[in-house]
A.B. asks: 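Can you read through this structure? Questions will come right after.
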Amino acid sequence: MKVFKFGGASLKNADGVKNVASIIRQHGPDKLLVVVSAMGKSTNALEKIHSLAISGQNSSSQITILNDYHQEILKQLFPAGHEVYIAVETLFQELRTQLQGSGEFDQIYDQVVSIGEMISSVIVHHYLISIGLHSHWLDARTCITTDKNFREGKVDWIKTSAKIQALKPVLEKNIIITQGFIGSTEDGYTTTLGREGSDFSAAIFASSLVASSVTIWKDVPGVMNADPKRLSAATVFEELPFQEAAEMTYYGANVIHPKTIKPLANKGIPLLVKNFEDPSLPGTKIHECKVYDLPPLIVFKDNQCLISCKVTDYTFVTEQHLSIIFNALSSLDLRVNVMQNSAISFSFCLDFREHKVLSLIQKLQEHFEVYYNTGLTLITVKNYDEKTFEMYRSHAGVLLEQSSRSTLQVLVRL
Ligand code: ASP
Ligand code: MG
């Protein structure tokens, strides 16, 4: 059996849904499970709605915009009176109810933001049925069990795999359509797996069902050695070893979610990255292989925050200071992207998740003089050559630089 994953860009309008349906229709004789993300930029819109509501502001006009967007897609795909209209309306009701719910910031976030995937999967499911395919809609929350770490739910693999394996009889006769990105706690709260987490969902289903492959359908021709929107000379890899792909995602290549590779590599399940606009293109195959002479790989990671902790008592940075910093980081579940030590200060950069990073800074201020800059970009050049090394080191606006034998990283203000 195979797993397909379609992201928001492939489902951004009615033509997108039709194109996805045609790829599904042509998938061949294998059993198939399809994971879908929220349509277009719905997740961003839902984040905005959540943050307005939480801060006591009126979110109704944003909800109307999101509803109109989906209604437009529905109108082009279904006749008036089709049952899908009621299904989508019920989800919008659910959204309004959840916005009024009580709970922590992140907990409500997950109840709200997950609705994008619910809507999109319902629309795709009904469309597949309408063109005569045997689609079975699955609520991913009934299978993917996580802890209560809202917005970054950690999967309980044993429980999750058992529930997914129980789907095998359904797959005999149906194509399963389900949501990426979402799971559920044991007491029934929706959780999300981290932004862009639908790829990871696809890997969870594939690993539990020991699929023969996973295909992620993207708007790029495959995995490239740089983001083509930033470097027009970027080229597509025909194949990549799991290890190389995993490292790329670690540095922030957003073509695949970082957690996707491990479950697939552990089971030897190849991951194909293909273009939904032109499915005839070969794409990239990520699997166990050896590839020599990989070109330099350039990854831009935006929205970085550089924090410097300066000791205040004329001593030097000691292990004790470091342990205060790392304890604070780990208690907030924050990950450092680059770090650097000097005599009297320790600097590190991390993704600027405002809510968490500001509480981190507050904690650190109890012990250090803290300086920070936001809006930075971390550029990583993996497998650099002489030319790329010099080019990125001398980039304008470098705040921090670090290199090893194979990798150069510079933190810049673009
Ligand atoms: N819809 C979610 C997001 O935009 C998950 C995903 O796209 O993978 O982050
Ligand atoms: Mg997405």
Side-chain angles (χ1 to χ4, degrees), residues 3-13 16-17 20 33-51 62 65-66 69-70 73 88 91-92 94-95 98 106 108-125 138-141 143-144 146 149-155 177-184 190-206 214-220 223 227 245 249 252-264 271-274 276 301-303 351-355:
V3 173
F4 282 0
K5 181 258 164 170
F6 293 96
S10 64
L11 292 165
K12 66 171 190 276
N13 52 31
V17 177
V20 163
L33 182 145
V34 179
V35 169
V36 298
S37 309
M39 296 179 146
K41 303 260 181 255
S42 301
T43 306
N44 292 352
L46 286 160
E47 277 192 345
K48 178 95 194 288
I49 289 168
H50 167 253
S51 82
Q62 303 291 329
I65 294 171
L66 189 64
Y69 166 68
H70 285 98
I73 294 176
V88 171
L91 289 165
F92 272 93
E94 170 74 6
L95 167 62
Q98 292 297 351
D106 287 350
I108 300 181
Y109 173 101
D110 281 0
Q111 314 315 302
V112 166
V113 168
S114 54
I115 289 175
E117 267 65 15
M118 297 300 286
I119 298 172
S120 133
S121 63
V122 160
I123 295 177
V124 172
H125 162 68
L138 170 76
D139 185 340
R141 298 172 299 186
C143 292
I144 297 185
T146 71
N149 194 11
F150 294 101
R151 292 183 75 166
E152 279 294 338
K154 301 233 164 17
V155 174
I177 304 296
T178 194
Q179 311 78 39
F181 181 52
I182 70 175
S184 165
T190 303
T191 48
T192 62
L193 309 176
R195 284 302 307 263
E196 306 300 328
S198 297
D199 297 349
F200 181 41
S201 302
I204 297 169
F205 281 105
V214 175
T215 307
I216 296 186
W217 295 90
K218 304 275 304 180
D219 55 0
V220 285
V223 180
D227 180 348
T249 66
N254 51 17
V255 62
I256 313 158
H257 188 274
K259 291 184 188 156
T260 312
I261 308 286
K262 184 175 184 290
L264 300 180
L271 173 62
L272 313 171
V273 177
K274 286 188 53 98
F276 62 76
K301 199 170 172 41
D302 291 323
N303 195 26
D351 297 354
F352 187 55
R353 282 181 60 184
E354 190 168 351
H355 205 60

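In listed order, ligands and their atoms are each counted from 1.
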A.B. asks: Within ligand 1, which atoms have a heavy atom of Arg195 less than 4.0 Å away?
C.D. replies: 3 (C), 4 (O), 9 (O)
A.B. asks: Would you check the N or O atoms of Lys5, main chain and side chain alike, for any that come under 3.5 Å of an N or O of ligand 1?
C.D. replies: no
A.B. asks: Which ligand 1 atoms does Phe181 reach within 4.0 Å, using its non-hydrogen atoms?
C.D. replies: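 Within the 4.0 Å cut-off of Phe181, ligand 1 contributes 2 (C), 5 (C).
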A.B. asks: Could you grab the distance from atom CD of Gln111 to atom NE2 of His50, nearest 0.5 Å is fine?
C.D. replies: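 Here the interatomic distance stands at 9.5 Å.
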A.B. asks: If you define the side chain from C-beta out and look only at heavy atoms, does anything of Ile119 sit under 4.5 Å from Ile123?
C.D. replies: yes
A.B. asks: With backbone taken as N, CA, C and O and side chain as the heavy atoms from C-beta onward, which portion of Ser198 lies under 4.0 Å from ligand 1: side chain, backbone, both, or neither?
C.D. replies: both
A.B. asks: Should Asn44 and Arg195 count as side-chain neighbours, where that means a heavy-atom distance under 4.5 Å?
C.D. replies: yes
A.B. asks: So which bit of His257 gets within less than 4.0 Å of ligand 1, heavy atoms only: side chain, backbone, both or neither?
C.D. replies: neither
A.B. asks: With a sphere of 6.0 Å drawn around NZ of Lys262, does it hold more than 12 non-hydrogen atoms of other residues, nucleotides or ligands?
C.D. replies: no
A.B. asks: Can you label the angle between the Phe200 ring and the His257 ring as parallel, tilted or perpendicular, going by 30° and 60°?
C.D. replies: parallel
A.B. asks: Which atoms from ligand 1 have a heavy atom of Glu117 less than 4.0 Å away?
C.D. replies: 1 (N), 2 (C), 5 (C)
A.B. asks: What do you reckon, does Asp199 have a nitrogen or oxygen under 3.5 Å from a nitrogen or oxygen of ligand 1?
C.D. replies: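 No; every N/O pair is 3.5 Å or more apart.
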A.B. asks: Give a yes/no verdict on whether any heavy atom in Gly8 is under 4.0 Å from an atom of ligand 1.
C.D. replies: no
A.B. asks: Taking the side chain as every heavy atom from C-beta outward, state whether Val112 and Leu95 have any atom pair closer than 4.5 Å.
C.D. replies: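 Yes. Closest side-chain heavy atoms under 4.5 Å.
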